[in-house]
Each structure stands twice: as C-alpha cells, then as structure tokens.
Amino acid sequence: MRDVNVNLITEKVRELCITSNCDLPKDVEDKLKEGYEKEESSFGKYSMENVLDNVKIAREENVAICQDTGLAVIFMEIGQDVHLVGGDLAAAVDEGVRQGFKDGYLRNSAVDDPIFVRKNTGDNTPALLYTEIVPGDKVKITVVPKGGGAENMSQMKMLKPAEGVEGVKKFVVESVINAGGNPCPPVVVGVGVGGTIEKTAMLAKKSLMREAGKPNPNPLYAKLEAEILEEVNKSGVGPQGLGGRFTAFAVHIDYFPAHIASMPVVVNLNCHAARHKEAII
Amino acid sequence: MSNIKKLTTPLTEEQVVGLKAGDQVTISGTIYTGRDAAHKNLIKALNEGTELPFELKDQIIYYVGPCPAKPGQAMGSAGPTTSGRMDSLTDALLSKGLRGMIGKGPRNAEVIDSMKRNKAVYFAATGGAGALIARAIKKAEVVAYPELGPEAIHKLEVEDFPAVVAIDIEGNDQYKIGKAEYAI
C-alpha cells in the first residue's frame, strides 16, 4: 500500500489545468501543420495560418489557446494499491481546478443549474471527475478541457444491428458535415460504439485523448476510421466551415461489446484545439 | 481572397454596401461584446422598453466570452463563440440598427433575411485563435451586466481586428459558397 496525499493531487490538477489550456499537444499541432500544407482553399489557408500562429503565441506567452477553456473533464486512474490520505478526493480535485483557473487566467465557463438560474459558479467547479481503479500503486491524472462549441455538436443514435457498418458510417459522416463550421473544424471525430448509452458516450469522449490519427489496433475499425476521414474531407466544409479540404484531422473509433439487440453510436467532436495533458503520481 | 479592407467603427451603411462575402477585413474602433446571457438581457430590456446599455445604431457586437486579462493585457484570450446560438435573438437587435456581428459558424435564414432588410453584415473571426485575436484588443471595460462574469457586455477598443465577411448585406453566404466550391 502506498499513501498519496490528496494535496499532491490538488497541485497536479492545478498545473494540468493551466498547461493543457496553454500548450497544445505536439501530435495535434503536427496534424494541423500537415493539413495546412495540403489545404487548397485560400480561406482554409488563412484560417489555418491564424490557428498555427495562435498555438505558438499561447505556448510562448503561457496564455489560453482558446477563450473557451472548457469544463474541466478529469480522468483519474487510481492504482488499487494506493491509499488516498489527507482529505476528500473530489474536494481536492475541485480545489485544483479552482486554483488552476484563477492562477492561469482561464475563463470560468460553468453555470450552476443548466435550466433555470444558470449562474456562473465563479471558479469553474465542479470538475467532471471520472475515476477508475486499475492495478498498481500509481495515480494517473488526465485533464481534458472541453469547450462548448464542439461539445454542442455531439450526436447519439441507437442504430439497428441490421444497419451494419454502412449505417455507422452514414451517421458519423452526416454528424460531422451537419455540424459545419460550428465545432471549429478541422476537428477530431471521436466515436464510441457498443455498450449501453453511458458507456458509448464515455468511449467517444475517451477516444479524443488518443494520439492524433493513431489508428484503432483492430484493422476493421482502423479501416472504418480511414474511410470516414476520407468521406468527411470530401464534404467541402473545410477549416472554420468557410470551404476547403481539411474538415477533420483524425477519426478515432473505440468500441465495446454490445447487446444482441443494439448498436449504439455516439459522436463527440473536438475542435482543432484538441487539448489534454496528463501526469502520473 | 481579396486585399484587406480596413473598416472603422461606427460602421455606417456606406461602409457595408461595398462589402462582399469572402472579403478579408480588419476592424478598428469601438465594438461591444455580447453572447448568450447578455443577448437575453438585451432582448428583455427591449421588450420592457428600458434603456439599453449602449446605442445599437451602426455598432458591432462581438460574440465572445473572454478569458481574464493577465497583467499587461487589455483582455485575455478572446476568440469568437458559435453565432448560431444567438440566431433567435438577432433580428430584434438588427431592427434597432445594429450594423455588424462578429462570430463563427453559419447563421439561419431568419438572420440572413433580417440582415438583408436592415443592411447588416456578419463577420467571421477565426474560432480557437483567442490568443492571436487578443492582441488586437487595446482596451476593455465592462459596461453592463457585470454579474454575468465572462458573459458581461464589454466595450472594447480594437485595432486591426482580423475577420472575414462571412455573410454580406445581399445575403451571400461564404459558408454555403465555400462548401459548394470544395465539395467532391
């Protein structure tokens, strides 16, 4: 058994909130550069130039890449040989978010109740904390700031198994094209298939953290990812939706066994600022 | 893309008549921020006949909820938010003389009709380029609804704010034109 003080978790969450919002992962930046080179539309080039300049400025000046610094989605893998001490884990995580958003000059984007009052909580809490117990004695924390523009374009559908691969493909491609310029393309298309609906959504969300463009290890799914990417990039939507070739820079599909009656699909998009950062304690 | 056209506020009818969808522009002068919650408040004020926090005629509203300013900055990262969420709240403002909007993403038919009727223009700024755009903002002050935090209405002084004419006063829509041009 290894004792881990939750104060250390507060400190790491604070740091990851800031770095994830200011420093775009290299793999994402490389994909954006690749798309910029290949883009044929002048609007697409213009938008991508702004996007790439912006990534550099944010990193150099340690300021937010995008003003939508998102809800603080946090995944935590806790080794089963870890004993958390020193206080309440959820409170420690929220404290990290509170400090990180204040000290990093990040925007508070959370409102308390979603329907009636919609009052800003003032410190971007609560975090959306998802914990998982894994083997070992480490704690892995991943912070994924999730902006509203791309999240609002999420789609879910309970497809019939008879609709097969073509059904999945059609639904995903249409979801991305219908989203148009709203989710700040070029996007990462996160897709979850299988499980029950909460699982499907989680698969889609987690797929966004995969190294950009790395194919699914199952060749059938890898092929589907490539086909969907090709279709989406034929749509003409382009960077910012103003017309061009570069609508998505990656399609990530993750799957889980499904019920004999079901083929649930969730599409969760990420804007070009596909932010995530992790640390291991 | 065209040579860059330089615009200054207030944005008069004469200035927008010559603008075409697809034109690259820079905007200098005073503009106002306003997004979801501020729009609801503005519409409420119009419905109740109470005074608006600023005169809409020939002004530009920028759909943005900025990050707080770091020391030395006028404003933190400040890129556009998705304009479509303001669609149902836009006609009322255009009818009162609002001349321009800056945001990202397409607008619906109701907004485009109202833009044609009221000779207003919709500019697109680059979504997700908040740090870059913040450099064009020289001064910022909250002029209404401070309780809304990042959604408060800010009066901004901008210099060479970079944008593209996405929809012009004739209703030409770069989102539709661009997509059709590059669809395979």
Side-chain angles (χ1 to χ4, degrees), chain A residues 21-22 40-51 53-58 61-69 102 104-109 111 118-120 122 147-149 152-153 177 179-185 233-245 271-273, chain B residues 1-2 21-22 24 33 35-37 40 64-73 75-85 103-107 124-135 147-152 162-164 166 173-184:
Chain A
N21 268 300
C22 302
E40 296 163 27
S41 126
S42 56
F43 284 107
K45 285 264 189 206
Y46 161 84
S47 302
M48 291 312 299
E49 243 171 57
N50 284 345
V51 163
D53 284 351
N54 185 70
V55 167
K56 269 174 72 180
I57 294 170
E61 297 183 4
N62 200 30
V63 295
I65 297 163
C66 176
Q67 76 292 336
D68 189 349
T69 48
K102 182 169 184 289
Y105 298 88
L106 307 177
R107 189 181 80 180
N108 296 321
S109 307
V111 291
R118 291 190 66 87
K119 185 178 181 328
N120 197 302
N152 282 346
M153 297 295 117
I177 295 176
N182 291 313
C184 279
N233 285 337
K234 281 183 186 170
S235 67
V237 170
Q240 299 293 318
L242 289 164
R245 299 272 175 248
C271 59
H272 56 75
Chain B
M1 287 176 75
S2 62
Q24 200 182 337
T33 73
R35 48 172 291 158
D36 311 62
K40 274 179 97 168
V64 60
C67 282
K70 265 188 158 178
Q73 276 185 316
M75 183 168 255
S77 293
T81 194
T82 307
S83 309
R85 290 197 313 277
K104 69 171 173 86
R107 309 307 301 265
T126 303
L132 175 83
I133 292 171
R135 289 184 163 182
E147 68 281 6
L148 298 180
E151 295 199 70
V164 166
D173 183 347
Q174 184 58 35
Y175 290 101
K176 292 197 185 105
I177 299 166
K179 184 172 174 235
E181 191 179 338
Y182 287 93
I184 296 173

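Labels below follow one simple rule: chain letters A, B, ... track the order of the sequence lines, proteins then strands, and each chain is numbered from 1. Bear in mind that the values here come from a model prediction, so they are computed numbers and not experimental data.
The parts of A:Asn62 that come within reach of chain B are both its backbone and its side chain, each placing non-hydrogen atoms under 4.5 angstrom from that chain. In this structure, no portion of B:Glu147 lies under 4.5 Å from any heavy atom of chain A. Residue A:Leu106 touches chain B through its backbone alone, counting heavy-atom pairs closer than 4.5 Å. Proximity to chain B is absent for every atom of A:Ala273, based on heavy atoms less than 4.5 angstrom apart. Looking at B:Pro80, only its backbone comes within 4.5 Å of chain A, counting heavy atoms on both sides. There is no contact between B:Glu181 and chain A, counting heavy-atom distances below 4.5 Å. Contacts between B:Pro106 and chain A at a heavy-atom distance below 4.5 Å involve backbone atoms as well as side-chain atoms. Using a 4.5 Å cut-off between heavy atoms, A:Thr69 contacts chain B through its side chain alone, with no backbone atom that close. With a threshold of 4.5 angstrom between heavy atoms, B:Ala37 does not approach chain A through any atom at all. Residue contact with chain B, scored on non-hydrogen atoms closer than 4.5 Å, is absent for A:Asp68. Using a 4.5 Å cut-off between heavy atoms, B:Ala125 contacts chain A through its backbone alone, with no side-chain atom that close.
When side chains are defined from C-beta on, A:Cys184 counts as touching B:Lys104, because their heavy atoms get closer than 4.5 Å. Residues B:Arg85 and A:Asn152 form a side-chain contact, since some pair of their non-hydrogen atoms from C-beta on lies under 4.5 Å apart.
A 6.0 Å sphere centred on NZ of A:Lys102 holds no more than 12 heavy atoms belonging to other residues, nucleotides or ligands. No more than 12 heavy-atom neighbours from other residues, nucleotides or ligands sit within 6.0 angstrom of NZ on B:Lys40.
The residue among B:Asp173, B:Leu148, B:Thr82 with the most heavy atom pairs within less than 4.5 Å of chain A is B:Thr82. Among B:Ala129, B:Ser83, B:Ala124, the residue with the largest count of heavy-atom pairs under 4.5 Å with chain A is B:Ala129. Between chain A and the options B:Gly105, B:Gly76, B:Pro68, heavy-atom pairs under 4.5 Å are most frequent for B:Pro68. Of the listed residues (A:Gly122, A:Gly147, A:Cys22, A:Ser41), the one with the most heavy-atom contacts under 4.5 Å to chain B is A:Ser41. Interface check for chain B: of the options A:Val51, A:Asp53, A:Ile65, the most heavy-atom pairs under 4.5 Å are formed by A:Ile65. Highest contact tally toward chain B, considering only A:Gly244, A:Ser47, A:Gly148, is held by A:Gly244 [criterion: heavy-atom pairs under 4.5 Å].
Annotation for A:Gln240 and B:Thr126: closest pair NE2-CG2, 3.7 Å, computed over non-hydrogen atoms. Smallest separation of non-hydrogen atoms from A:Ile57 and B:Ala131: CG2-CB, 4.0 Å. Of all heavy-atom pairs spanning B:Ala163 and A:Tyr46, the tightest one is N-OH, 3.8 Å. Taking every heavy atom of both residues into account, B:Ala183 and A:Ser235 meet most closely at CB-O, 3.5 Å. For the pair A:Glu61 and B:Arg135, the tightest heavy-atom approach, listed with the atom from each and the gap, is OE2-NH2, 2.6 Å. Closest approach of A:Glu40 to B:Tyr182, counting heavy atoms only: O-OH, 3.8 Å.
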*Test salt bridge (charged side-chain N to carboxylate O under 4.0 Å, His left out) on B:Glu151 and A:Arg107 and set out the steps.*
CA-CA 10 Å; B:Glu151 295 199 70; A:Arg107 189 181 80 180; over 6 Å; no
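Note that OG of B:Ser77 and CG of A:Asn54 are 7.0 Å apart. Values are rounded to the nearest 0.5 Å.
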